[in-house]
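What follows is a set of notes on a single structure, which appears directly below.
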Amino acid sequence: MSENKILATVDGVNITEEELNAFMANLPREQQMYAQNPQFREQCINEIINIHLFAKMGKEEKLEETEQFRTFMESAKKDILAQLAMRKVLSEVTVSAEECKEYYEANTEKFRREETVNAKHILVKEEEEINAILAFITSGEKEFEAMAREHSICGSAAKGGSLGTFGRGQMVKEFEDAAFSAEIGAVVGPVKTQFGYHLIKVEDKTEATIAGFEMVENQIKKNLMQKKQNEAYMAKTTELREKYLNK
């Protein structure tokens, strides 16, 4: 879409797509998500038109010549200069690939991905019932998932007992120990917990690993950039206070 596209005209002044985009860019983040919504864009265009209309009225009534206008302009000028100066300070901050690599090698443990298990389970209250269910499964008479749907009292029953993927510390200890020590595809149990008796079937496992540098480089660069920009901002603030602040 052309930035020069004329959306409306107020007393000979064209309101363009560029002005609309700039207006929406300054809206709160939660409103910017509607930027492509035709009705929202129309509301924004109408708001811009209203701004032009009131500005025209202010000019006709010579409000530019008032003391209030001059005060507002000085305040706006100060804010704009401050924003531009801060942007200049922050734009001079850079993070090299070597810095990212150095940080990664010094902090590899921060990028550890703990082991996980993808498992299904069947939960019942009585030990006798869980043993009977296990017998049906081990004999091949019934599939694990079917028995889960028919007998499990856990909310996962509707999904054939699937709990999805989980890591250490997310399940009670007895269940966790059994799940993480089980072989893929094997049915283990009964396992007794505070909730009752479980049968567990592990679908998949991932071992604990350290994420490769390529996988985390962008995040490292972003974090280092933020840290260095904060440091640059604080250093420049200290410098300017020493230079200009009257004590």
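What you see is a predicted model, and the numbers here were worked out from it, not measured in a lab.
Between Glu64 and Lys59, at least one side-chain N (NZ, or NE/NH1/NH2) sits under 4.0 Å from a carboxylate O, which counts as a salt bridge. A salt bridge does not link Lys125 with Glu129: none of the charged nitrogens is closer than 4.0 Å to a carboxylate oxygen.
In this model, no donor atom of one side chain and acceptor atom of the other lie less than 3.5 Å apart for Gln83 and Asp79. Between the side chains of Lys110 and Tyr103, at least one donor N or O lies within less than 3.5 Å of an accepting N or O. Judged purely by distance below 3.5 Å, without hydrogens or angles, the side chains of Ser162 and Ser156 never pair a donor atom with an acceptor atom. Residues His198 and Thr193 bring a donor and an acceptor atom of their side chains to less than 3.5 Å of each other. Looking at Thr165 and Asn118, their side chains do bring a donor and an acceptor atom within 3.5 Å of each other.
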Between Arg112 and Glu109, does the salt bridge (Lys or Arg N to Asp or Glu O under 4.0 Å) criterion hold? Intermediate values first, please.
CA-CA 5 Å; Arg112 173 177 290 277; Glu109 281 303 309; 3.0 Å; yes
Just do the salt bridge (Lys or Arg N to Asp or Glu O under 4.0 Å) check on Lys201 and Glu145 with the steps written out, would you?
CA-CA 10 Å; Lys201 181 181 178 183; Glu145 294 75 14; 3.1 Å; yes
Quick one, Lys77 with Glu74, criterion salt bridge (Lys or Arg N to Asp or Glu O under 4.0 Å). Give me CA distance, side-chain angles, the key distance, then yes/no.
CA-CA 5 Å; Lys77 181 179 178 180; Glu74 283 301 315; 5.0 Å; no
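Annotation: Lys205, atom NZ; neighbour count of heavy atoms from other residues, nucleotides and ligands within 6.0 Å is above 12. Atom CD of Glu30 has more than 12 heavy atoms from other residues, nucleotides or ligands within 6.0 Å. The number of heavy-atom neighbours closer than 6.0 Å to CD of Glu143, taken from other residues, nucleotides and ligands shown, is 12 or below. The environment of CD in Glu102 is sparse: at most 12 heavy-atom neighbours from other residues, nucleotides or ligands sit within 6.0 Å. Annotation: Tyr34, atom OH; neighbour count of heavy atoms from other residues, nucleotides and ligands within 6.0 Å does not exceed 12.
Phe69 belongs to a hydrophobic cluster with Met73, counting contacts under 4.5 Å between side-chain heavy atoms of Ile, Leu, Val, Met, Phe, Trp and Tyr, direct or through other members.
Looking at residues two or more places apart in sequence or on another chain, you find no side chain to side chain donor-acceptor pair (under 3.5 Å) involving Tyr104.
Counting heavy atoms from C-beta on, the side chains of Leu199 and His121 never come closer than 4.5 Å. Annotation: side chain of Leu53 is not in contact with side chain of Met57 (no heavy-atom distance under 4.5 Å).
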Please table the atom pairs, donor to acceptor, closer than 3.5 Å between any side-chain atom in residues 170-181 and protein atoms at least two apart or in another chain.
unit_1	atom_1	unit_2	atom_2	d
Gln170	OE1	Gly167	N	2.5
Lys173	NZ	Asp177	OD2	2.6
Glu176	OE1	Gly169	N	2.5
Glu176	OE2	Arg168	NH1	3.3
Ser181	OG	Asp177	O	2.8
Ser181	OG	Ala178	O	3.2

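Between Met225 and the choices Leu90, Val93, Ile220, the side chain to side chain contact (heavy atoms under 4.5 Å, CB included) rule is met once, by Val93. Under the side chain to side chain contact (heavy atoms under 4.5 Å, CB included) test applied with Asn230, the options Gln226, Lys228, Lys227 reduce to a single match, Gln226.
Contact record, Val202 with Glu183: CB-O, 4.0 Å, taken as the closest heavy-atom pair.
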